[in-house]
Amino acid sequence: MTNSSAIDKRKNKNFVINNKTLLKQYAIQNREFFGQGIIVVNLLLMNADLLNGKALFTLEPGTEPTVHQPISYIPKSNFWFKMLSLKIKKKYQIDIQEAKNFDNKFLIVFVKDASIEHFSIYSLKLEKTVVK
């Protein structure tokens, strides 16, 4: 019998590995515009393991970021960031509100259910890009 938790972790890790470049670009672009935040991948709404630019949720003027999108960037000032921050702190004892924890990396949260009780987190380092 296989452990479904181990399968979920492997699947999420593969998702991050396969989409690393696009996720980093998405994080950098949104961090510059909205400030510090997290990327949320709602597994209930994802229907593919590989991303394309159209799958990434971009905010239109007057709209609020939400976890009810397949992939979205949730800025630190948003309600969902605060909600996820509390859940992450309770489950992993990591305070994502502290800026020093995520200065050179960004956090990806995989939401596995509608009540956001089951989730996992990953982080990726942001390399300094040199523009010539």
Inset, instruction - Scan Q36, K125, K24 and name whichever one has a side-chain contact (heavy atoms from CB on, under 4.5 Å) with F106. - result: K24
Inset, instruction - Could you list the residues that satisfy salt bridge (charged side-chain N to carboxylate O under 4.0 Å, His left out) with E117, not counting sequence neighbours? - result: K87
Inset, instruction - Start with the C-alpha distance between I38 and W80, add both sets of side-chain angles, then the distance that settles side chain to side chain contact (heavy atoms under 4.5 Å, CB included), and finish with yes or no. - result: CA-CA 10 Å; I38 56 177; W80 290 108; over 6 Å; no
Legend entry - Contact list for residues 34-46, test salt bridge (Lys or Arg N to Asp or Glu O under 4.0 Å), sequence neighbours left out: none
Inset, instruction - Would you kindly confirm whether V111 and M83 end up in one hydrophobic cluster when ILVMFWY residues are joined by side chain heavy atoms under 4.5 Å apart? - result: yes
Inset, instruction - Give the cluster check for I71 versus F33: same hydrophobic cluster or not, with ILVMFWY residues linked at side-chain heavy-atom distances below 4.5 Å. - result: yes
Legend entry - Transitive ILVMFWY side-chain link L86 to I96, under 4.5 Å: no
Legend entry - Donor-acceptor pair, side chain of Y73 and main chain of Y26, under 3.5 angstrom: no
Legend entry - Residues that N12 engages under side chain to side chain donor-acceptor pair (under 3.5 Å), provided they are two or more places apart: S120
Legend entry - For S85 against D95, the heavy-atom pair lying closest together: OG-OD1, 4.5 Å
Inset, instruction - Determine, using ring centers only, whether Y122 and F15 are less than 6.0 Å apart. - result: no
Inset, instruction - Taking all non-hydrogen atoms of both residues into account, name the closest pair between S77 and K82 and its distance. - result: O-NZ, 3.5 Å
Inset, instruction - For V67 and L84, run side chain to side chain contact (heavy atoms under 4.5 Å, CB included): C-alpha distance rounded to whole Å, both residues' side-chain angles, the deciding distance at 0.1 Å, then the answer. - result: CA-CA 10 Å; V67 297; L84 288 167; 4.0 Å; yes
Inset, instruction - Tell me whether I116 is reachable from L44 by hopping between hydrophobic residues (I, L, V, M, F, W, Y) whose side-chain heavy atoms are closer than 4.5 Å. - result: no
Inset, instruction - Determine, stepwise, if the pair Q97 / K76 fulfils side chain to side chain contact (heavy atoms under 4.5 Å, CB included). - result: CA-CA 8 Å; Q97 296 280 358; K76 194 172 183 177; 3.5 Å; yes
Inset, instruction - Search all heavy atoms of V41 against all heavy atoms of M46 and return the closest pair with its distance. - result: CG1-CG, 3.8 Å
Inset, instruction - Determine the minimum heavy-atom distance between T66 and S72, stating which atoms define it. - result: O-OG, 2.7 Å
Legend entry - Closest non-hydrogen atom pair, Q69 against N42: O-CB, 3.3 Å
Inset, instruction - Count the heavy atoms belonging to other residues, nucleotides or ligands that lie under 6.0 Å from NZ of K91, then report whether that count exceeds 12. - result: yes
Inset, instruction - Working to the nearest 0.5 Å, report the span between CD1 of I121 and CD1 of I39. - result: 13.5 Å
Inset, instruction - Could you grab the distance from atom CG of N18 to atom NZ of K11, nearest 0.5 Å is fine? - result: 12.0 Å
Inset, instruction - Kindly compute the distance separating CG (L23) from CD1 (I108), expressed to the nearest 0.5 Å. - result: 4.5 Å
Inset, instruction - Decide whether F79 and F81 are clustered together by the hydrophobic rule: side chain heavy atoms of Ile, Leu, Val, Met, Phe, Trp, Tyr closer than 4.5 Å, transitively. - result: yes
Inset, instruction - Kindly give the heavy-atom pair with the smallest separation between I94 and I88, and that separation in Å. - result: O-CG2, 3.8 Å
